[in-house]
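As the structure is a computational prediction, the values presented were derived from the model and not from experiment.
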Amino acid sequence: MNANDSPTTLGAAMRCCTGFLSPRVLGVATALALGTRLALGDWSLWDAVIVLGIVAFWPLQEWLIHVFILHYRPVTVLGRTLDFPVPRSHRAHHRDPWNIDILFIPSHVFLYAIPLQLALWIGLAPTLPLACTGLATFYALTLHYEWVHYLVHTRYRPTSWLYDRLWRNHRLHHCKNEHYWFGVTMLGGDRLLRTAPELNAVPTSATCRTLGFEDTLGGGAHAA
């Protein structure tokens, strides 16, 4: 889908978003985890601790994933270039940021991420109800991440102060300088790690689209 076909209203954006696999998977995962949690009962203060802990860590997690995974730079070891599908996909997204078809979490990620999350939460949480609290919170925040990220790349501009702020922040990352403004749904990581400068304090980057690569899909040579 190109920019000319992108939704221009909130209703159209919502209808379009539900047609993609990632929001559907995350919606089902959130509903199942939350439904299981409600059915199990046995609520305690620890449920609130888990929710607050995940929310508090979320902005730092967004920053770390964006910087070290999405913006991973291929390295050559013993003559072999080490690159991975997720950063390659993200480089393609930077190359064509208004192409909605390639901006969601790649489908293959769910094949290992969901089983790994289930194993970690069920294996490490002291009780199954608390594991479901953690899973429901994580999936809900991830679904929200997908929605906000998608919305920023449509032609619809949010009217609320909060979402307009997120819209502006992420567009600066794509259109002003890719080395700053890494947060998508929470911006505390940028403030903490000093990647949220004043607009005029940093130059407009010539490599917002390429991230410094000639070939964003492959991991090609660094641009001279």
### Query
What pairs of residues pass the ring-ring contact (aromatic ring centres under 6.0 Å, His included) test when at least one of them lies in residues 104-129, not counting sequence neighbours?
Phe20-Phe104, Phe104-Tyr150
So, taking the atom named [atom1] in [X] and the one named [atom2] in [Y], what distance separates them when rounded to the nearest 0.5 Å?
X: Arg73; Y: Leu211; atom1: CZ; atom2: CG; value: 7.5 Å
X: Leu10; Y: Tyr163; atom1: CG; atom2: OH; value: 10.5 Å
X: His93; Y: Leu70; atom1: NE2; atom2: CG; value: 9.0 Å
X: His149; Y: Ile100; atom1: NE2; atom2: CD1; value: 11.0 Å
X: Thr154; Y: Trp167; atom1: OG1; atom2: CH2; value: 9.5 Å
X: His94; Y: Ile102; atom1: NE2; atom2: CD1; value: 11.0 Å

Any chain of hydrophobic side-chain contacts (each under 4.5 Å) joining [X] to [Y]?
X: Ile65; Y: Ile105; answer: yes
X: Val109; Y: Ile69; answer: yes
X: Leu143; Y: Leu32; answer: no
X: Trp161; Y: Val148; answer: yes
X: Leu193; Y: Phe68; answer: yes

### Task
Taking side chain to side chain contact (heavy atoms under 4.5 Å, CB included) as the test, write out the residues that go with Ala12, two or more places apart.
Pro7, Thr9, Arg15
### Query
Can you list the residues that meet the side chain to side chain contact (heavy atoms under 4.5 Å, CB included) rule with Ala39, with sequence neighbours excluded?
none
#### Entry: Listed partners of Gln117 passing side chain to side chain donor-acceptor pair (under 3.5 Å), at least two apart
Tyr139
### Message
If the condition is salt bridge (Lys or Arg N to Asp or Glu O under 4.0 Å), which residues does Arg191 pass it with, not counting sequence neighbours?
### Response
none
Distance-only donor-acceptor hits, side chain of residues 124-138, under 3.5 Å, sequence neighbours excluded:
unit_1: Thr127; atom_1: OG1; unit_2: Leu130; atom_2: N; d: 3.3
unit_1: Thr133; atom_1: OG1; unit_2: Arg37; atom_2: NE; d: 2.7
unit_1: Thr133; atom_1: OG1; unit_2: Asp47; atom_2: OD1; d: 2.4
unit_1: Thr133; atom_1: OG1; unit_2: Pro129; atom_2: O; d: 3.2
unit_1: Thr137; atom_1: OG1; unit_2: Thr133; atom_2: O; d: 2.8

### Query
Could you give all pairs that pass the salt bridge (Lys or Arg N to Asp or Glu O under 4.0 Å) test and reach residues 17-28, with sequence neighbours left out?
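Salt bridge (Lys or Arg N to Asp or Glu O under 4.0 Å) check on residues 17-28 returns no pairs.
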### Query
Tell me the salt bridge (Lys or Arg N to Asp or Glu O under 4.0 Å) pairs involving residues 157-170, sequence neighbours left out?
Arg157-Asp164
#### Entry: Partners meeting ring-ring contact (aromatic ring centres under 6.0 Å, His included) with His179 (sequence neighbours left out)
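Listed in chain order: nothing, the list is empty.
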### Task
Could you label the plane-to-plane angle of the Phe182 and His66 rings as parallel, tilted or perpendicular, counting under 30° as parallel and over 60° as perpendicular?
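The rings of Phe182 and His66 stand perpendicular, inter-plane angle above 60°.
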### Task
Tell me, with the steps shown, if Leu38 and Trp43 meet side-chain contact (heavy atoms from CB on, under 4.5 Å).
CA-CA 9 Å; Leu38 293 172; Trp43 299 94; 3.7 Å; yes
Heavy-atom side-chain proximity of [X] to [Y] below 4.5 angstrom:
X: Val152; Y: Leu166; value: no
X: Tyr156; Y: Leu151; value: yes
X: Ile114; Y: Val25; value: yes
X: Asn177; Y: Pro203; value: yes
X: Val86; Y: His90; value: no

Can a donor-acceptor pair be found, under 3.5 Å and without considering hydrogens, that links the side chain of [X] to the backbone of [Y]?
X: Glu178; Y: Ser205; result: no
X: Asp83; Y: Pro74; result: no
X: His153; Y: Pro97; result: yes

### Query
If you link I, L, V, M, F, W and Y whenever their side-chain heavy atoms are under 4.5 Å apart, who else ends up in the same group as Leu82?
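So far as hydrophobic clustering goes, Leu82 is joined with Tyr72, Val75, Val77, Leu78, Phe84.
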### Query
Linking Ile, Leu, Val, Met, Phe, Trp and Tyr through side-chain heavy atoms less than 4.5 Å apart, which residues share a cluster with Leu172?
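Tyr180, Trp181, Leu199, Val202, listed by chain and number.
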### Task
Please report the closest heavy-atom contact between Phe213 and Arg95, naming both atoms and the distance.
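Answer, listing the atom of Phe213 first, then Arg95: O-NH2, 3.6 Å.
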#### Entry: CH2/Trp147: more than 12 non-hydrogen atoms of other groups inside 6.0 Å
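Yes, CH2 of Trp147 has more than 12 neighbouring heavy atoms, counting only those of other groups under 6.0 Å.
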Hey, can you pull the donor-acceptor pairs under 3.5 Å for the side chains in residues 49-64, sequence neighbours left out?
unit_1: Trp58; atom_1: NE1; unit_2: Glu62; atom_2: OE2; d: 2.9
unit_1: Trp58; atom_1: NE1; unit_2: Thr185; atom_2: OG1; d: 3.3
unit_1: Glu62; atom_1: OE1; unit_2: Val184; atom_2: N; d: 2.8
unit_1: Glu62; atom_1: OE1; unit_2: Thr185; atom_2: N; d: 3.1
unit_1: Glu62; atom_1: OE2; unit_2: Thr185; atom_2: N; d: 3.3
unit_1: Glu62; atom_1: OE2; unit_2: Thr185; atom_2: OG1; d: 2.5
unit_1: Trp63; atom_1: NE1; unit_2: Thr195; atom_2: OG1; d: 2.9

